[in-house]
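Any value given below was found using the heavy atoms of this structure, including those in side chains, with hydrogens, waters and symmetry copies removed. Everything numeric here is computed off the predicted structure, so don't read it as measured data. Chain letters run A, B, ... following the sequence lines, proteins first and then strands; every chain starts at 1.
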Amino acid sequence: MRNAQEEEPQDPQLVRLDNMLLAEGVAGPEKGGGAAAAVSAATSSGGMSPDSSQIRNIYHTELEKYEQACSEFTTHVVNLLREQSRTRPVSPREIERMVAIIHRKFSSIQTQLKQSTCEAVMILRSRFLDARRKRRNFSKQATEVLNEYFYSHLSNPYPSEEAKEELAKQCGITVSQVSNWFGNKRIRYKKNIGKFQEEANIYAMKTAMGATQNEDSPHTPNSTGYNCNTVASVL
DNA sequence: TTCTATGATTGTGC
DNA sequence: GCACAATCATAGAA
């Protein structure tokens, strides 16, 4: 039986589907590859997204079911043939041929399973690309928080990893979105300081007011080093 | 419909 | 790996 299975030439379509599933990280060892990696990169939460890991789990469950069913059915048919051999001559060659037929039939089921998994991955990929295209502005409050940090650290607007995480938490966005925001802000501020002057003054006033309210505790911010007069000279 | 603002992506340099 | 610069694509205002 094993020989009959191993000698069967590999279906080129099946090979193609196998390669694709491997490349997408659905088949083979668990890793962050292909669509799975792309989606998880977008979520920045690390690991596979719920959708992509779901596809992987379903695929493996179905594949196991398929293998079990194939093996059980083959055993069943072989047993039937052996029983028949009591009433009529059944050659080993006939058994082999029957097993080969069963495997061919099951192979088409396997192709269908892999085909539909590939389709699911493709749908997931296009959904991810759509999400990337559909930009959403951050909430007013989030922009406020980011701007406050930016203008109060104008002399060094490079938040540490911890600060980025804290800002991300406060704004309800990801750390990479915080990094993007600061990257964009630094470059746009630098290119057009004049345009941002008014905004800088507003946040400077806010910071100053906050400092006045906390006059009893002299070590609290405005300890950020922000000074209205330095706005134009930095960066 | 056009224009501007803005979040995201890509390529490059360090 | 991070920051910068250029660019893209879209949201939202005019």
Produce the list of close N/O pairs, under 3.5 Å, pairing protein atoms with atoms of nucleotides 3-7 of chain B; give distances to one decimal.
residue : atom : partner   : partner atom : Å
dT6(B)  : O2   : Arg135(A) : NE           : 3.1
dT6(B)  : O2   : Arg135(A) : NH1          : 3.4
dT6(B)  : O2   : Arg135(A) : NH2          : 3.2
dG7(B)  : OP2  : Trp181(A) : NE1          : 3.4
dG7(B)  : O4'  : Arg135(A) : NH1          : 3.4
dG7(B)  : N7   : Arg188(A) : NH1          : 3.2
dG7(B)  : O6   : Arg188(A) : NH2          : 2.7

To the nearest angstrom, the CG-P distance between Asn156(A) and dA3(C) comes to 10 Å

Residues passing the salt bridge (Lys or Arg N to Asp or Glu O under 4.0 Å) test with Glu144(A), sequence neighbours excluded, are Lys206(A)

To the nearest angstrom, the NZ-P distance between Lys191(A) and dA3(C) comes to 18 Å

When rounded to whole Å, the NZ to P distance for the pair Lys190(A) and dA3(C) reads 14 Å

By side chain to side chain contact (heavy atoms under 4.5 Å, CB included), Ser108(A) pairs with (sequence neighbours left out) none

Thr111(A) meets the side chain to side chain contact (heavy atoms under 4.5 Å, CB included) criterion, sequence neighbours left out, with Asp11(A), Gln13(A), Leu14(A), Leu17(A), Ser107(A)

In whole angstroms, the gap separating C1' of dG1(C) from CZ of Phe182(A) amounts to 18 Å

Those residues at least two apart in sequence (or on a different chain) that pass salt bridge (Lys or Arg N to Asp or Glu O under 4.0 Å) with Glu94(A) are Arg88(A)

Ile187(A) CD1 to dA8(B) C1', in whole Å, measures 15 Å

Within residues 161-168 of chain A, the residues having a heavy atom closer than 4.0 Å to DNA chain B are none

Checklist entry - What is the ring orientation for Phe106(A) with Phe73(A), classed by angle as parallel under 30°, tilted 30 to 60°, or perpendicular over 60°? => result tilted

Those residues at least two apart in sequence (or on a different chain) that pass salt bridge (Lys or Arg N to Asp or Glu O under 4.0 Å) with Lys185(A) are Glu199(A)

Taken in chain and number order and not counting sequence neighbours, the residues that satisfy side chain to side chain contact (heavy atoms under 4.5 Å, CB included) with Arg188(A) are Asn184(A), Phe196(A)

Residue pairs meeting salt bridge (Lys or Arg N to Asp or Glu O under 4.0 Å), one or both in residues 59-85 of chain A, sequence neighbours left out, come to Glu62(A)-Lys65(A)

